[in-house]
Q: 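If you scroll down you'll find the structure; I have some questions about it.
For clarity, every value in this text was computed on a predicted model and none was experimentally measured. Residue numbers run from 1 in the order of the sequence given.
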Amino acid sequence: YKAAVKTPVHKTPIRVATDYNSGYKYDDERHRIEDDQAKNAKYSFGSAIDDGIMDHSHIRQETRDGLKVEGSYAYSDGYFKRVVNYVADENGYRVVSESAEPISESGPNVDLVNGKADIHTQIDGVDNQYSVSAAEILKPMKDLSKH
């Protein structure tokens, strides 16, 4: 067992300004560059997990174009499926719509034998997906319990 490497501790507090009006003197050029970066920022991502092992799901997608962010997320817990759509822009963060629909009164349908979880991510058009079975997850746990 190796000892953890110690991270140096700064003796002098580091001041981080999160507000241009906080009293710290900002360089006008730095302020302009940060504003330009925010106005020109663009991204798009999404992720989805369909967990047939524990009967849960989670979906999220978000797109940014300059100072405007739009997105949604949805999840289910075996009882309900909830969906939230939102926008964040010069008017702040706002929930545009949300819904909740019942799925089951008895709750999640857990399948520790044949269940499978599918995972999918998408970042700026690049997809990555994989699956894992309940058996793959439980095998290492069973092996550990033998020791």
Side-chain angles (χ1 to χ4, degrees), residues 2 4-10 13-144:
K2 290 185 177 183
V5 176
K6 289 190 175 186
T7 304
V9 176
H10 295 280
I14 299 172
R15 293 184 180 187
V16 178
T18 58
D19 180 359
Y20 291 116
N21 300 316
S22 64
Y24 294 105
K25 184 177 179 183
Y26 271 88
D27 176 54
D28 288 339
E29 179 66 7
R30 179 178 171 186
H31 190 164
R32 186 192 62 73
I33 290 169
E34 289 173 352
D35 282 350
D36 285 348
Q37 288 174 337
K39 290 175 186 171
N40 293 308
K42 292 184 185 296
Y43 65 76
S44 176
F45 73 87
S47 64
I49 300 171
D50 184 11
D51 182 352
I53 301 168
M54 299 303 290
D55 196 21
H56 294 193
S57 69
H58 178 88
I59 299 169
R60 179 160 185 223
Q61 72 81 30
E62 186 172 283
T63 302
R64 178 174 180 170
D65 187 4
L67 299 176
K68 185 173 186 177
V69 176
E70 294 180 290
S72 66
Y73 60 90
Y75 61 93
S76 68
D77 60 5
Y79 292 97
F80 289 92
K81 178 178 181 183
R82 292 175 167 70
V83 178
V84 176
N85 295 294
Y86 60 89
V87 172
D89 56 20
E90 67 277 354
N91 297 314
Y93 174 88
R94 298 176 313 286
V95 172
V96 177
S97 66
E98 62 183 310
S99 64
E101 67 181 65
I103 297 172
S104 168
E105 290 183 19
S106 59
N109 182 19
V110 175
D111 186 350
L112 298 177
V113 177
N114 298 311
K116 181 177 92 163
D118 297 315
I119 297 90
H120 178 232
T121 60
Q122 178 275 322
I123 300 173
D124 286 327
V126 178
D127 287 323
N128 182 29
Q129 44 191 355
Y130 61 94
S131 296
V132 63
S133 70
E136 291 171 306
I137 294 171
L138 294 175
K139 184 179 181 327
M141 296 171 133
K142 290 177 184 174
D143 292 345
L144 285 174

Q: When rounded to the nearest 0.5 angstrom, what distance separates NZ in Lys42 from CG in Asp65?
A: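 Between Lys42 NZ and Asp65 CG, I get 3.5 Å after rounding to 0.5 Å.
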Q: Taking all atoms of both residues into account, what is the closest heavy-atom pair of Tyr43 and Glu62, and its distance?
A: OH-OE2, 2.5 Å
Q: Taking all non-hydrogen atoms of both residues into account, name the closest pair between Thr63 and Ser44 and its distance.
A: OG1-OG, 3.7 Å
Q: Please assess Asp35 against Arg32 for the test side chain to side chain contact (heavy atoms under 4.5 Å, CB included), listing each intermediate value before the final yes or no.
A: CA-CA 5 Å; Asp35 282 350; Arg32 186 192 62 73; 5.8 Å; no
Q: Salt-bridged, Asp118 to Lys116, with N to O below 4.0 Å?
A: yes
Q: Any Lys/Arg nitrogen of Asp89 or Arg94 sitting under 4.0 Å from an Asp/Glu carboxylate oxygen of the other?
A: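 A salt bridge links Asp89 with Arg94.
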Q: Is a side-chain donor or acceptor of Asp55 paired with a backbone partner of Asn109 at a separation under 3.5 angstrom?
A: yes
Q: Looking at Asp111 and Asn114, would you say the former's side chain and the latter's main chain have a donor-acceptor pair under 3.5 Å?
A: yes
Q: Hey, are the side chains of Tyr79 and Ser106 touching, using non-hydrogen atoms and a 4.5 Å cut-off?
A: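 The answer is no; the side chains never approach within 4.5 Å.
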Q: Any idea which heavy atoms bring Asp77 and Phe80 closest together, and the distance?
A: OD1-N, 2.8 Å
Q: Quiz question: by atom type and distance under 3.5 Å, do the side chains of Tyr73 and Gln61 form a donor-acceptor pair?
A: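 The criterion, which ignores hydrogens and geometry beyond distance, is not satisfied for Gln61 and Tyr73.
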Q: Just wondering, more than 12 heavy atoms not from Tyr130 lying within 6.0 Å of its OH?
A: no
Q: Between Asp50 and His56, does the side chain to side chain contact (heavy atoms under 4.5 Å, CB included) criterion hold? Intermediate values first, please.
A: CA-CA 6 Å; Asp50 184 11; His56 294 193; over 6 Å; no
Q: To the closest 0.5 Å, what do you measure between CD1 (Ile59) and CD1 (Ile49)?
A: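 Here the rounded value is 10.0 Å.
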Q: For Glu136 and Ser131, which heavy atoms make the closest approach, and how far apart are they?
A: OE1-O, 4.3 Å
Q: Identify the two heavy atoms, one from His58 and one from Tyr75, that lie closest to each other, and give their separation to 0.1 Å.
A: ND1-CB, 4.1 Å
Q: Side chain to side chain contact (heavy atoms under 4.5 Å, CB included) between Lys68 and Val87: does it pass, once the steps are laid out?
A: CA-CA 7 Å; Lys68 185 173 186 177; Val87 172; 4.0 Å; yes
Q: Taking all heavy atoms of Asp51 and all of Met54, pick out the closest pair and write down the distance.
A: OD1-N, 2.9 Å
Q: Hey, what do you get for CD (Glu101) to CZ (Arg82), rounding to the nearest 0.5 Å?
A: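 Nearest 0.5 Å value for the CD-CZ distance: 11.0 Å.
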Q: Determine, step by step, whether His120 and Asn128 satisfy the side chain to side chain donor-acceptor pair (under 3.5 Å) criterion, reporting the C-alpha distance in whole Å, the side-chain angles of both residues, the deciding distance to 0.1 Å, and the verdict.
A: CA-CA 6 Å; His120 178 232; Asn128 182 29; over 6 Å; no
Q: Between Leu67 and Lys39, is there a side-chain heavy-atom distance shorter than 4.5 Å?
A: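 SC-SC contact between Lys39 and Leu67 confirmed.
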Q: Apply side chain to side chain contact (heavy atoms under 4.5 Å, CB included) to the pair Ile53 and Ile137, showing each step before the final yes or no.
A: CA-CA 10 Å; Ile53 301 168; Ile137 294 171; 3.7 Å; yes
Q: Does a side chain donor of either Ser47 or Thr121 reach within less than 3.5 Å of an acceptor in the other side chain?
A: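 Distance-only check fails for Ser47 and Thr121.
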